[in-house]
Amino acid sequence: MLKTHGCGELRAEHIGQSITLAGWVHRRRDHGGLIFIDLRDRSGIVQVVCNPEISAQAHQVASKCRSEFVLQIKGTVQARPQGLINPELPTGEIEVAAEAVTILNPAKTPPIYINIEDEVDEAVRLRYRYLDLRRQRMQRNIILRHRVVKFIRDYLDAQGFIEIETPILIKSTPEGARDYVVPSRVHPGKFYALPQSPQQLKQLLMVAGFEKYFQIARCFRDEDLRADRQPEFTQLDMEMSFVDQEDVLRITEDLFTALVRELEPETGKHLKESPFPRLSYEEAMARYGTDKPDLRYGLELVDVSDLVAECGFRVFTQTVAGGGQVKALVAPGCAAYSRRQVDELTGLVQKQGAQGLVTIAVQEGQLKSTVSKFLASGELEAIVERTKAGVGDLICIVADQPPVVARSLDALRREFAARLSLADPDELAFCWVLDFPLLEWNEEEGRWNAVHHPFTSAQDEDWALLESGDPGQAKAKAYDLVLNGWEVGGGSIRIHRRDLQALMFRTLGITPEQAQAQFGHMLEAFEYGAPPHGGIAPGIDRIVAILAGEPNIKEVIAFPKTQTAMDLMTQAPSEISPQQLAELHIRLATEE
RNA sequence: GGGGGCGUAGUGUAGCGGUUAACAUGCCGGCCUGUCAAGCCGGAGAUCGCGGGUUCAAAUCCCGUCGCUCCCGCCA
């Protein structure tokens, strides 16, 4: 090794020791007669003093050093002189008196600051990602990610889980997201797909008798990007045999409870509660307007439809009569909102499809509402009472069909939480969302789609609904893990009986021939003693981002892609040579 | 596919019809033995993303385009 110690490890106990360090010039302070170098490596920063009276060589070389030069420094750890201790630095009680400085490699002036935590244009960061990754924020995030994955591996190993790799080149299936495909050289005109998740493979591992499987699995989906979506991302893929939903929830909950507690000294983030609260899908939509509610704050939606069903405001009465809802949200302390501020909120809900926004400002001794001339004072008071709004609060009301009401009030709820800083950034509010619908109607194609995926089991009593008319009412044995308003995982109990799988395919409008062509291997496998099984797949990138306090998963991925799925460092994707195309039997249909 | 935001020295920003395109920092040179975002002095560094248009005159206004970004659609 070119070093005996890490820069950040040195403490008062090392005083007097001869040591060798190697790292990067974090900052240089040249006083002419005396040069200070803050030397940085992964472990931290230490001050090196180059005094010509101790070593003329060290001082002379140090005078040529610049930011990000790679140095090896031999020297002695010494106590800092009286009054010169730097309490900002973990190594601030000591410094290293340089006896020899070697430039292992010089460096060009970097295009971004390594030593200042400053916002830099993301394109520049991504182009020079290796420099961006040198910065403290990214080092911290990537190391945190390592700890998360390491903890998960150790924990699941101790619970009897086996980590098994599954192929990256697999068969394309039409369900779900768009596949990334890879052409086959050996089989002209045929393509592999990259896995959207190892879904089928992990189920086959259950048929294979491994009983408890997990994998830190890379997944690929060729869909448009978001702050929480990259084209390739990492899941903790898990599957277990002889379990029911309760077992999967408990094991997952125990894992994340232990993980969060283990990392709390590092992240400073604590669990709001464990066991995690459970909400049915229906309840989540009713109380929060979303299936991924942020439970760090309240602001629950309140249904007031019955209170206004026969009031004097036709928008309300017609909405209720037409099967819609009138629901309210109380914004604490916002009664004094100006017309302009209310207009902003109205614009927000209109973007979600709502016609408008009705407000009631609860003021001392009076209620000011945009609809006071339509509603009797008793009706307004009934709404105030139902919503438990107090003096100084602003009640926001949306009337529309349930999906529009949900979307609008969810948007409002998140807007108020942001404006009023209601979400504690150091709190982790996990919850489970359960009892999802099994199927949803696909308007375009005129058929049912699986909400989760076609191997998800219906709840036991709901199988009959698939045959007898009302498949849309069937609930699935599916569950989502939600954390601070992010969906951080989803899973289900699978169908393990061939007859029920056939019923499922029939309901989805998949003919036996199509099922055989696409999923023949699954159906066949299930005929050889498939155990009851189920699993879950928490998203590693999202969980680490939340633990790191980052708003975007790019901040916890070493080499992420831009919103147009480019790698700005390597310029992927790129053209390939005509020879490569020819080998792959591909001709480009380039548009003119 | 659609909507919003951003694009000016290496980096972060200001300027928003007429400026020598400004400031900070970084960079280069000089001085400096106790700094720690060191200090002081001097210097270099910008076809204002790109293309077109309006105008006597465009970084500034208009149109288009490209890049980055946030969102909707999409993401079983």
Side-chain angles (χ1 to χ4, degrees), chain A residues 26-39 45-54 59 63 66-68 78 80-89 91-92 95 97 107-128 131-132 173-179 196-197 199-200 219-231 233 347-348 351-353 407 411 414 436-440 442 444 448-456 476 478 487 490-492 504 508 510 537 539 551-552 554 560-566 568 571:
Chain A
H26 190 65
R27 199 168 269 125
R28 187 184 66 121
R29 292 177 294 281
D30 186 345
H31 288 227
L34 198 63
I35 298 171
F36 298 95
I37 289 174
D38 289 342
L39 194 69
I45 292 169
V46 70
Q47 171 166 285
V48 176
V49 194
C50 301
N51 187 333
E53 289 165 16
I54 291 174
H59 182 265
S63 71
R66 295 294 181 270
S67 285
E68 300 305 313
Q78 62 187 27
R80 291 204 184 191
Q82 196 80 38
L84 294 174
I85 285 170
N86 183 350
E88 303 294 313
L89 227 50
T91 59
E95 61 191 4
K108 287 168 60 174
T109 302
I112 54 179
Y113 297 113
I114 312 299
N115 52 13
I116 297 173
E117 293 297 321
D118 197 9
E119 285 302 312
V120 183
D121 182 63
E122 205 166 350
V124 179
R125 294 179 59 200
L126 292 175
R127 166 142 159 55
Y128 299 98
L131 296 179
D132 189 38
T173 56
E175 292 278 337
R178 195 177 293 114
D179 281 326
Q196 298 174 24
S197 82
Q199 182 58 40
Q200 295 182 26
C219 305
F220 306 85
R221 293 179 190 175
D222 187 3
E223 298 292 349
D224 288 337
L225 287 80
R226 289 286 189 284
D228 61 353
R229 277 165 30 191
Q230 281 273 304
F233 61 101
L348 188 72
K351 262 171 51 184
Q352 303 303 322
R407 276 206 306 277
R414 285 182 287 122
F436 280 86
L438 182 68
L439 303 164
E440 65 188 345
N442 183 329
E444 282 172 33
W448 293 100
N449 277 149
V451 169
H452 195 60
H453 59 62
F455 305 106
T456 297
E487 184 202 319
S492 64
M504 184 60 157
L508 293 173
I510 299 173
N552 193 305
K554 282 190 288 223
K561 299 203 169 35
T562 67
Q563 193 152 41
T564 53
M566 288 273 298
L568 292 182
Q571 291 296 309

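Computed from a predicted structure; not experimentally measured. Labels below follow one simple rule: chain letters A, B, ... track the order of the sequence lines, proteins then strands, and each chain is numbered from 1.
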Taking the [atom1] atom of each, how far is [N] from [M], in whole Å?
N: B/rU60; M: B/rC6; atom1: P; value: 15 Å
N: B/rG1; M: B/rG10; atom1: P; value: 34 Å
N: B/rG43; M: B/rU54; atom1: P; value: 42 Å
N: B/rC68; M: B/rC32; atom1: C1'; value: 44 Å
N: B/rU11; M: B/rG45; atom1: C1'; value: 13 Å
N: B/rA9; M: B/rG17; atom1: C1'; value: 23 Å
N: B/rA21; M: B/rA57; atom1: C1'; value: 16 Å
N: B/rA58; M: B/rC50; atom1: C1'; value: 16 Å

Fill in: Donor-acceptor pair under 3.5 Å, A/Arg229 side chain vs B/rC75 base
yes
Which base sits across from [N] as a Watson-Crick or G-U pair, both distances under 3.5 Å?
N: B/rG7; result: B/rC66
N: B/rA22; result: B/rU13
N: B/rC75; result: none
N: B/rU47; result: none
N: B/rU33; result: none
N: B/rC61; result: B/rG53
N: B/rG42; result: B/rC28

Scan [range] nucleotide by nucleotide, 5' to 3', and note B when protein non-hydrogen atoms come under 4.0 Å of the base, S if they reach only the sugar-phosphate, - if neither.
range: nucleotides 32-38 of chain B; value: BBBBBSB
range: nucleotides 2-10 of chain B; value: --------B
range: nucleotides 65-71 of chain B; value: ---SBBS

Discussion item. Working to the nearest 0.5 angstrom, can you tell me the gap between A/Leu84 CG and A/Gln47 CD?
Written reply: 9.0 Å
Fill in: Nearest-0.5 Å distance, OG1 of residue A/Thr91 to CG of residue A/Asn86
8.0 Å
Between [atom2] of [N] and [atom1] of [X], the distance in whole Å:
X: A/Arg66; N: B/rG26; atom1: CZ; atom2: C1'; result: 12 Å
X: A/Glu68; N: B/rG26; atom1: CD; atom2: P; result: 14 Å
X: A/Lys108; N: B/rU11; atom1: NZ; atom2: P; result: 13 Å
X: A/Asn115; N: B/rG12; atom1: CG; atom2: P; result: 15 Å

Worksheet item: Who are the salt bridge (Lys or Arg N to Asp or Glu O under 4.0 Å) partners of A/Arg80, not counting sequence neighbours?
Response: none
Is there a donor-acceptor contact under 3.5 Å from the side chain of [X] to the main chain of [Y]?
X: A/Arg28; Y: A/Ser63; result: yes
X: A/Gln196; Y: A/Ala177; result: yes
X: A/Gln230; Y: A/Lys554; result: no
X: A/Asp222; Y: A/Arg178; result: no
X: A/Arg27; Y: A/Asn115; result: yes
X: A/Arg125; Y: A/Asp132; result: no

Worksheet, complete the sentence: Contacts of A/Ser67 and A/Val451 projected onto RNA chain B by closest heavy atom; the upstream (5') one is A/Ser67
Discussion item. Test of understanding: with side-chain hydrogen bond (donor to acceptor under 3.5 Å, both in side chains), list the residues that count as partners of A/Asn442, not counting sequence neighbours.
Written reply: A/Asn449
Practice prompt. Determine the contact category for A/Ser197: base if any of its heavy atoms lies under 4.0 Å from a base atom, sugar-phosphate if only primed atoms, P, OP1 or OP2 are that close, otherwise nothing.
Written response: base
Worksheet item: How would you label the contact of A/Gln199 with the nucleic acid (heavy atoms, under 4.0 Å): base, sugar-phosphate, or nothing?
Response: base
Fill in: Beyond-backbone contact of A/Arg29 with A/Asp38, side-chain heavy atoms, under 4.5 angstrom
yes
Item to complete: Could I get the full list of ring pair (Phe, Tyr, Trp, His ring centres under 6.0 Å) partners for A/Tyr128, not counting sequence neighbours?
Response: none
Worksheet item: Does the pair A/Asp224/A/Arg229 count as a salt bridge with the N-to-O cut at 4.0 Å?
Response: no
